[in-house]
Structure formats: C-alpha cells, structure tokens
*Asks:* 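Starting off with a structure, shown below.
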Amino acid sequence: MPRYTYRPFDYVAPPELTGGPVRDAPVVIVGAGPIGLAAAIDLALHGVASVVVDESDVVSVGSRAICWAKRTLEIFDRLGVGERMVEKGVTWKVGRLFHGEREVYSFDLLPEDGHKMPAFINLQQYYVEEYLVDRARDFPELIDLRWKSRLVGLAQTEAGVTATIETPDGRYDLAGRYLIAADGSRSTIRHLMGLEFEGTTFEDRFLIADVEMTADFPSERWFWFEPPFHPGQTALLHKQPDDIYRIDLQLDASADPEVEKRPENVIPRIEKAVGGRPFTLDWVSLYTFRCVRLARFVHGRVIFAGDSAHVVSPFGARGGNGGIQDVDNLAWKLAAVVKGEADAALLETYDRERVHATDENITNSSRSTNFMSPRTPMERLFRDQLLALAEDHPFARPMINSGRLSRPASLRGHVAAAPDGGGGPVHPGDPCPDAPLDGGFLLERLGGRFSLLAIGTAAPATLLPVLTLGSESLAAERYGRGLFLVRPDQHIAASWAPGEAGTAEIDAAVEAASARTKELA
C-alpha cells in the first residue's frame, strides 16, 4: 500500500488583515495537533467558538504518537472520530516480553468483553490529525482553522488575551477571552511566558524508525530486553496500518543524534531487527527520555495542555493519551466558564486534577526508564533475576517494567468534596466503565453534560437527564447498585446507595462539581 500522502491545507488570509468580518471567538487555540484540534471540537460540542492557529499547513510529519488507549478512544468516540480511528487502526491487546531469544511471558490488556473500544489501537498521528481536521470542518460557525499562522507574541490582562500572529500576509493581533497552549514540547508560549519545566531528563537515547515492509508479524506489542539483534540494550516493535512497522532501539547515552539518524547507520540496525526482510525506511527520529512538567497548567487566562504542559518518555504511550485526557477534563470546564455557567475557579480543578494525573504518568515513566536502563550492577542483577523468574513464576511478572501502558488516572480524592455512598466498584473521580446497552454501549449515552445514572434504584426528581438501568445488567456488575452523578467528561462526580439521595443532595453535588453560578439549564 502507498505511504501516507501529505496534502497541504489551504491558507486563507485572515479577516483581521483583509478587512473582512471578524468573528467573536472567545477561545484562541495555538497548535493544530491532536490536542488543539480535540479541544476545538470539544468546545464546539458545547457551543463555544474558537480560532485554531498553526504554523504548518500539513498534518504531522512522521507517525509520532501511534498507540491510543481504550480511554482515549472513548474520548475520541465522544468527539466523533473514534469509530473511524478503530476502523483504520491496528487493534491489539496482547503484549509479549522477551529476554534475549526467550519469551518470558505474554499479557492480555482487555480479557473481558462488553466494551465498545478495544484495549489499544496503533494508528499514526497523521491519520488522527486528518480525521480531527475533517471533524472540525463539521463546525464551520464555531471552529476557524488558520494554517501558516505562527504565534510570535502574547499578552494577557484580567479580561482576556491577545496573541500576535505572523502569516504570509503580515502580522495581526488575535484577541480572545482564554488561550489554550497546545503548541507542543518546544512551546513558544511557554518560552514567551518564561515558564520552565520541572523534572528529570535521563541520559538514555532511543532511535525510533518507521519502516515499510511486508511481514507476518501479528498485531501485538513485542518488547525485548537484550535482544540478539541489539545486544545489551532494549527494543520494541509495533505494527501500524499500511504495512508500516515502528521499531524503537535503545542507544548508548553518548550517541550523537545527527550521526545515528543517518540512513547508513540506521539501515544496518533495522536489517538485524527485522531478520533481513526487505524494507523501506519511512521516518526516523531520535529522542532522549524526559519526565517533566510545568508547576501549574493554568496561568491566568493561558491554559497549557498536552506536551506544552508535560512531557514523559514514550514507553507506555502516556504522552498523546495524557494530552487527550487533558482536553477531556478541560473543555467542558472552560465552556462553562465562557458561557457564564460556572465561576473561573472551576479551571483550578483542571489544574489540580491534571497535575495529579501527570504526576502519576511521570512516576510510571520514570520507573520504566530505571528498569530498562539499570544504573548500577546491582540494579541490573535484580532486573535480570526478575526476568529469569517471570517465565515460570507469575508473582514476578508485575515487577517487570517495560513501560507501564497508559491507563486513565483515577481522580479519587482529587474531585470536589463528593458523596461516595455507592459502595460498589466505582467511586467519585473514576472514569465511567463501559457496558453493552440496548444494542449499543453505555458510554454512548453519557458525557457532554451532567447526567444521573440510576442502577437498580429509582432516581429522584431532577432537571438532569436520567438513565435508568436494571440491577441484572452488566453495567450493574461494573458499577454496583445506586445513583451515580456523571460529569460531562464521563467521570463519576458523586455516588449514593439506593435511597440515600434526594433532589437537594443531587443539586448540591452538581453545584460542587461545576462551580455553578446560575441555575442549571
């Protein structure tokens, strides 16, 4: 199959420079990668307009983020692109771990049925961006995509922000009430504001290469410690659509990035990794592990999301997934503030909740790095002994860390003071589990606004939409019996055992969770 064909998006001179009518867009989004595009779509679903600016005029060059986890796919499904992504992507749930030539063990990331979305798909970032651009075009009155538009200046006041944008036709000022910085790990906005990342940069370097080849490798994640084709290091193989395979190879800390990326150095390494199969080199990059974040994600009217706010090592697929989960948390809150339905203090809960989630990701990524690259002979001995034990002794397997794969962070204890009376498997702060429902799935009926889920009990009178399910459903097994207040981002905001909550209790929980300033519509 052909490799991806890049089609430049049309640049259109902005109305600020042509004298045309200027739309009132309360939110400026800088960066049209997955994070910025998802934010624009989510805001549009809440009826909030945005202008998205990006200095490029094509989707991302190279596959970049490729592993999209179940929770992220559920978010993409709510935004309207999840099914398209799954149809194109390579679905997988099995991972295999090797030490040398020996398979140590395998694992299944989704052993149960009854979920709309799979455990993981592999899909190149350029496809994800293409699908998000297509979806954004469904909102011509609410999303203004501006290509070849580079932010070069930024100012903010108590009332709003002004971004200075450079285009082929000159510079202009773009005003908004809030600005979302989704401009990546080398964020211009972070630099202009004098903000620095905090955390750890590791010495380890990894070469990542996409190769086009025909092979009979199954749709699984393969990870090697000390593979025979790359002695003393680690390696990772993932299958992508279009006969593209991602190969990650650990390099010495002293490796020169520019030298290692040269085809004459890359190709011999890949030949060994793929067993001499013919292939074509599609894309090459080299990265250094970093586990860093901003101290805060909210700075007045400038809000950071994705790689502009935090960077983690790519093993475990926590970067792109974490960024989309940032958007999931932020968009409904920002929309409520913009529309006057909530106090600006609601944005502080985005900062608190996503900093917590980021710290969880950083902890897991740091542990992965230390396990894959032991710093002392004793650490290496411990690792190798675990690998030797794990083949025959399952107790050792959870201690092997080849990149703890992305899972949604639980916000338990980090949401506004919330009743937790359900006593079942889920609690306030948890993302809602999916379950089959009336020929569809439960998560298709939740999200976008506050709602009440009643399982095995009657719901009191409320202005909220109510979904009532019986106590014999699979949903009842995954939630327990009771009432569950669900946030717009499909997280549990509060729960009550049957008979514990009336209208007043539910209204109070909604007010606490939404920092509401006027009557719920």
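Heads up: numbering here begins at 1 and tracks the sequence.
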*Asks:* With a 6.0 Å cut-off (strictly less than), is the heavy-atom count around CZ of R445, excluding the residue itself, greater than 12?
*Replies:*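 Count not over threshold, so no.
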
*Asks:* Describe, in one word, how the ring planes of F450 and W332 are oriented to each other, choosing from parallel (under 30°), tilted (30 to 60°) and perpendicular (over 60°).
*Replies:*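 Plane angle over 60°, so perpendicular.
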
*Asks:* Any ion pair linking R296 and E348 (charged N to carboxylate O, less than 4.0 Å)?
*Replies:*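 Salt bridge: yes.
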
*Asks:* Are V128 and M85 close enough that some pair of their side-chain heavy atoms sits under 4.5 Å apart?
*Replies:*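 Yes, side chains in contact.
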
*Asks:* Salt-bridge test for D42 and R78: reply yes if a basic N is under 4.0 Å from a carboxylate O, no otherwise.
*Replies:*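 Answer for the salt bridge query: yes.
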
*Asks:* Between D359 and R293, is there a side-chain N and carboxylate O pair less than 4.0 Å apart?
*Replies:*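 Salt bridge: yes.
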
*Asks:* Would you say D77 and L443 make side-chain contact, with heavy atoms under 4.5 Å?
*Replies:*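 Of all side-chain heavy-atom pairs linking L443 with D77, none is under 4.5 Å.
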
*Asks:* Start with the C-alpha distance between L442 and L469, add both sets of side-chain angles, then the distance that settles side chain to side chain contact (heavy atoms under 4.5 Å, CB included), and finish with yes or no.
*Replies:* CA-CA 10 Å; L442 177 58; L469 302 177; 4.1 Å; yes

*Asks:* Find the distance between CG (L179) and CD1 (I189) and round it off to the nearest 0.5 Å.
*Replies:*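 Reported value, rounded in 0.5 Å steps: 4.5 Å.
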
*Asks:* Walk me through whether L236 and R221 qualify under side chain to side chain contact (heavy atoms under 4.5 Å, CB included).
*Replies:* CA-CA 7 Å; L236 179 66; R221 178 188 196 257; 3.7 Å; yes

*Asks:* Hey, is E353 close enough to R487 for a salt bridge, meaning N to O under 4.0 Å?
*Replies:*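 Salt bridge: yes.
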
*Asks:* Return the OG to CZ distance between S471 and R481, rounded to the nearest 0.5 Å.
*Replies:*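 Output value for this atom pair is 6.0 Å.
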
*Asks:* What verdict does the side chain to side chain contact (heavy atoms under 4.5 Å, CB included) test give for L151 and I165, after you've listed the backbone C-alpha separation in whole Å, the side-chain angles of each residue and the deciding distance to 0.1 Å?
*Replies:* CA-CA 5 Å; L151 181 139; I165 308 298; 4.2 Å; yes

*Asks:* Supply the atom-to-atom distance H115 NE2 to K70 NZ, rounded to the nearest 0.5 angstrom.
*Replies:*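 It comes to 5.0 Å.
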
*Asks:* Are D434 and K116 within salt-bridge range, i.e. N to O under 4.0 Å?
*Replies:*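 K116 and D434: not salt-bridged.
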
*Asks:* What distance do E166 atom CD and E55 atom CD have between them, rounded to the nearest 0.5 Å?
*Replies:*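 That separation rounds to 10.0 Å.
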
*Asks:* Taking side chain to side chain donor-acceptor pair (under 3.5 Å) as the test, write out the residues that go with D183, two or more places apart.
*Replies:*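 Expected list: S187.
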
*Asks:* Which pair of heavy atoms, one from G114 and one from R478, lies closest together, and at what distance?
*Replies:*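 Minimum heavy-atom contact is O-NH1, 2.9 Å.
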
*Asks:* So, taking the atom named CZ in F297 and the one named CZ in F304, what distance separates them when rounded to the nearest 0.5 Å?
*Replies:*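 So the CZ of F297 and the CZ of F304 are separated by 10.5 Å.
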
*Asks:* State, without any angle test, whether Y479 and S495 hold a side-chain donor-acceptor pair at a distance under 3.5 Å.
*Replies:*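 No donor-acceptor contact under 3.5 Å links the two side chains.
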
*Asks:* Let me confirm one number: the CZ-CZ distance from R71 to F76, rounded to the nearest 0.5 Å.
*Replies:*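 It is 11.5 Å, given to the nearest 0.5 Å.
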
*Asks:* Assess whether salt bridge (Lys or Arg N to Asp or Glu O under 4.0 Å) is satisfied between E16 and R146, documenting all intermediate values.
*Replies:* CA-CA 12 Å; E16 288 85 353; R146 301 186 181 184; 3.0 Å; yes

